[in-house]
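Each remark here refers to the structure printed beneath this line.
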Amino acid sequence: MNIAKVIVDVPASSINQTFDYKIPERFQEILNVGMRVIVPFGPRKIMGFVVGRTDESSFDKLKEISDILDITPVLTDELLGLGKWLADETLSMYITVFQAMLPQVLKAQYRKELVRMTEDSLPEDLENFFAGRDFVVYEEFEAAKISFYQLQKAIQDGDISVNYQVKSKITKKHITVVEPRIEPHSLEEEILDLPKIAKKQKELLAYFIDHPEPIDQKILVQKCNTSKSTIKALVDKGLLVTFKQEVYRNPYDDNAYARTVALELTEQQQEAIAPIKQHIREETHDTFLLHGVTGSGKTEVYLQAIQDVIDNGKEAIVLVPEISLTPQMVRRFKGRFGSNVAVMHSGLSSGEKYDEWRRIHRKEVQVVVGARSAIFAPFEKIGIIIIDEEHENSYKQEDQPRYHARDVAIYRGRNHNCPVILGSATPTLESYARAQKGVYQLATLTKRTNNSEMPDVEIVDMRDELHAGNRSMFSRKLKESIEACISRGEQAVLLLNRRGYSTFVMCRDCGHVKECPHCDIALTYHKNSNRLKCHYCSYEEPMPKICPECNSDLIRFFGTGTQRIEENLTQLIPEARVIRMDVDTTRRKGSHEKLLTQFANKEADILLGTQMIAKGLDFENVTLVGVLTADSMLHLPDFRSSEKTFQLLTQVSGRAGRHELPGEVIVQTYTPDHYSIQLASNYDYTTFFQNEMRTRKAFQYPPYVFLSLITVSHPNHVSAVQATQKIVQLLMKNVGEDTVVLGPTPSPIARMKDRYRYQCMVKYKNEPNLRTLIRKIIRQFDEEVRKNDLLITVDMQPYQLM
DNA sequence: AGCACGCCGACT
DNA sequence: GTCGGCGTGCTC
């Protein structure tokens with residue numbers, strides 16, 4: 001077994017295969033499958049993953065592995081297998097999938113250096129360039145305008161050599177630790193020996209009499225109210241020693257969470273958990289859909305199931321939509337399981353993510369709570385996988401590899417023979433349909449744990465408001481209710497559903513709308529900087545004072561940003577104290593939590609925000625929820641728009657009256673009769689499901705069919721259309737009769753970053769060879785991709801049709 | 001993806 | 001002869 005099969009760090013379809021390398025004698029014992037290595041690849045050196053070991057290779061002249069990057073494998077056998085499956089499933093490169101499974105810091109960085117090999121003088125230009133240095137990074141050479149030819153010659157003559165380095169991004173955090181260098185009992189003596197004026201030093205030594213164990217220097221300084229120089233003085237006298245110690249960055253102070261114990265379950269909860277516990281006990285796989293209304297105690301069910309898993313000596317993965325958005329969720333898990341929990345989400349720094357990952361990797365925790373990518377946690381004895389808010393679209397990764405965490409969860413659940421729980425108050429149609437067919441086990445929680453009723457929902461027809469001469473964003477009813485709510489000393493949550501309503505700039509004279517010069521999309525106005533920005537290509541420009549088309553000075557920003565609403569609100573109800581929560585006010589780290597704490601401490605009456613306030617928040621004093629524009633995403637070109645509207649309205653309604661006080665929900669809309677709004681107001685999921693399923697059937701959309709989306713982009717309009725056309729034709733020729741191939745259709749954003757985008761959609765029920773077919777077709781375009789700047793991306797189960 | 005190699009055309 | 005710009009093919 002002296003040959004390693006390696007997946008190298010080159011994301012190109014022609015390299016998407018294993019390469020064989022000889023394992024040098026010195027690595028024979030220590031090299032394991034799943035480790036990262038450095039290998040020579042052509043003239044350079046790159047990183048790769050060892051995915052297997054063998055004795056034979058069909059290749060005769062093998063190179064040797066240059067180095068090993070890990071002491072223990074970073075990918076388990078299971079994850080390697082999962083990676084292969086996932087890459088095949090999503091038509092991604094193996095390397096891309098493996099990288100996605102690991103924290104960013106494990107991604108290699110490459111550096112090219114020029115090394116001076118001779119003391120003899122070099123040609124003048126090069127001599128000046130090196131300026132006495134032994135080596136220079138290559139980028140610097142490119143920046144200095146020296147003839148490439150000269151360098152080439154120097155390299156050929158052996159005066160300069162090129163050095164390819166693989167660098168690690170890993171940084172570890174260290175603290176300075178202090179401890180006494182002498183026996184604790186002799187400390188007292190030493191204190192007496194110190195000069196009288198060295199008061200601080202005496203105090204410090206006295207501290208160690210009671211606490212002889214090593215201590216973090218920072219904490220010591222705080223505790224003894226002293227300074228580093230005092231410690232240094234004692235170190236110099238040989239009484240104390242300091243040394244560096246590696247520590248985990250801990251984004252959460254585990255002691256800050258009050259410990260909780262298991263609550264008594266309601267009858268419904270017990271019924272729901274029983275079969276799950278059985279599967280945990282018997283170590284068998286099954287997928288459960290836990291359909292529970294908001295406030296029905298799904299989390300407690302998760303917690304108690306996880307407790308069983310832990311008692312069983314196994315591990316648990318919990319996925320939550322985006323955890324930085326729900327600190328309350330972290331609190332519940334840390335509260336129950338303390339430091340046995342690792343937390344993984346995008347709000348952490350890359351170093352923090354790495355440390356949390358290592359705690360999992362070293363099996364120092366049994367529970368991981370995290371966003372999408374936490375599904376790849378390198379556990380080896382998984383006892384349960386839970387996906388909370390199963391319907392959230394953040395579980396679908398929108399760039400390569402385009403995977404859905406739910407699919408990965410079920411795949412791993414099978415691997416580990418453990419149950420997978422999908423929880424939601426508003427399950428996706430896909431999941432609910434599967435539950436109905438018996439593919440998933442359905443468990444339903446219809447009652448809130450405190451037996452309170454769901455709050456009443458009142459729909460306000462905004463057209464009537466307009467007819468009555470009210471042109472503001474607030475209906476009379478909503479204004480009244482807010483005022484009443486505040487006067488009772490209670491709090492309100494206002495949701496601005498901003499999708500499709502961003503703040504664009506339009507000239508009131510000629511109607512000209514400012515668009516991005518590189519994308520077919522209106523620029524968005526940002527108040528803080530008074531600039532216009534593009535969401536897709538990061539283009540920006542100052543806000544114009546006059547219209548570039550007609551020179552009118554009546555150019556204004558339009559739409560209903562949260563800032564505008566906030567201004568209106570304070571005009572309308574001057575006494576209201578408002579906290580605004582949107583991307584602008586939550587950009588800084590921790591600001592999210594800070595705003596929520598302020599609101600919880602009743603420092604404001606109204607919490608105004610976008611989607612991010614719809615989920616998971618639980619404030620006992622909130623009795624009013626207002627939805628300003630319920631239908632703003634109903635008219636987007638997206639077959640899931642009704643479903644998304646229903647989900648959002650149901651979720652946000654659940655924020656009101658969760659405790660003692662009764663709640664009230666007011667939904668403002670221009671389409672009050674739409675079934676997703678009507679049925680959400682009655683909390684009637686079942687009817688919504690049936691209605692929506694009929695629509696999906698009529699228009700042939702999931703879950704009745706599967707979708708695959710191929711997007712083609714090219715700087716030239718015609719080339720994009722032609723390539724797409726050809727793909728459509730090739731597909732049509734080779735798919736089954738029932739399969740529909742649509743296109744070429746311009747993508748919803750027809751131009752992005754100066755590239756025209758066309759797409760082809762495949763709707764199919766049964767097309768077992770579709771992946772192979774698409775792969776074959778794409779391969780036919782390999783040349784055009786490489787030479788002509790053509791780009792083809794495939795999404796095997798698109799969530800957004802962009 | 002990167003990189004080398006080789007052909008070609010331009011410049012002096 | 002000297003230099004730089006691409007197109008092409010390869011990477012165990």
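So that the names make sense, note that chain A is the first sequence line, chain B the second, and so on, each numbered from 1. None of these values were measured; they are calculated from a predicted model.
- Atom pair A/M47:CE and C/dC12:P shows a separation of 16 Å (rounding to whole Å applied).
- Shown for residues 86-97 of chain A: no residue has heavy atoms falling under 4.0 angstrom of DNA chain C.
- Contact between the side-chain N/O atoms of A/Y149 and the OP1/OP2 oxygens of C/dG4 is not found at any separation under 4.0 Å.
- In this structure, CG of A/D789 is placed 16 Å from C1' of C/dG7, rounded to the nearest angstrom.
- Aromatic rings from A/H717 and A/Y758 are positioned such that their centres are separated by under 6.0 Å.
- Using a 4.0 Å heavy-atom cutoff across all strands shown, A/K787 reaches sugar-phosphate atoms only and no base atom.
- For the atom pair NE2 of A/H518 and CZ of A/R755, the computed distance is 14.0 Å after rounding to the nearest 0.5 Å.
- Counting non-hydrogen atoms of other residues, nucleotides and ligands closer than 6.0 Å to OH of A/Y110 gives a total above 12.
- Stacking is found between A/F59 and the pyrimidine-like six-membered ring of the C/dC12 base under the 5.5 Å centre-distance and 30° plane-angle cut-offs.
- Place A/P40 and A/S147 on DNA chain C by their nearest nucleotides, and A/S147 ends up nearer the 5' end.
- A salt bridge links A/R640 with A/E430; the closest basic N to acidic carboxylate O contact falls under 4.0 Å.
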Generate the contact string for nucleotides 1-12 of chain B. Rules: B means base contact, S means sugar-phosphate contact only, - means no protein heavy atom under 4.0 Å.
BSSS--------

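- Separating the NZ atom of A/K45 from the C1' atom of C/dC12 is a distance of 15 Å, rounded to the nearest angstrom.
- Rounded to a whole Å, the CD atom of A/E783 is 8 Å from the P atom of C/dT8.
- With rounding to whole Å, A/I7 atom CD1 is found 14 Å from C/dT11 atom C1'.
- Between A/E784 atom CD and C/dG7 atom C1' the separation is 16 Å, expressed in whole Å.
- Rounding to whole angstrom units, CG of residue A/N788 and P of C/dC6 are separated by 15 Å.
- If you check the side chains of A/Y138 and A/N163, you find no donor sitting under 3.5 Å from an acceptor.
- Atoms CD (A/Q17) and C1' (C/dC10) sit 11 Å apart, rounded to a whole Å.
- There is no side-chain donor-acceptor pair under 3.5 Å between A/T96 and A/Q400.
- Around the CZ atom of A/F706, the shell of radius 6.0 Å holds no more than 12 heavy atoms that belong to other residues, nucleotides or ligands.
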Derivation and outcome, ring pair (Phe, Tyr, Trp, His ring centres under 6.0 Å), residues A/F376 and A/Y403:
CA-CA 12 Å; A/F376 298 117; A/Y403 68 92; 5.2 Å; yes

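- Classified by interplanar angle (parallel below 30°, tilted 30° to 60°, perpendicular above 60°), the ring pair A/H404/A/Y395 is tilted.
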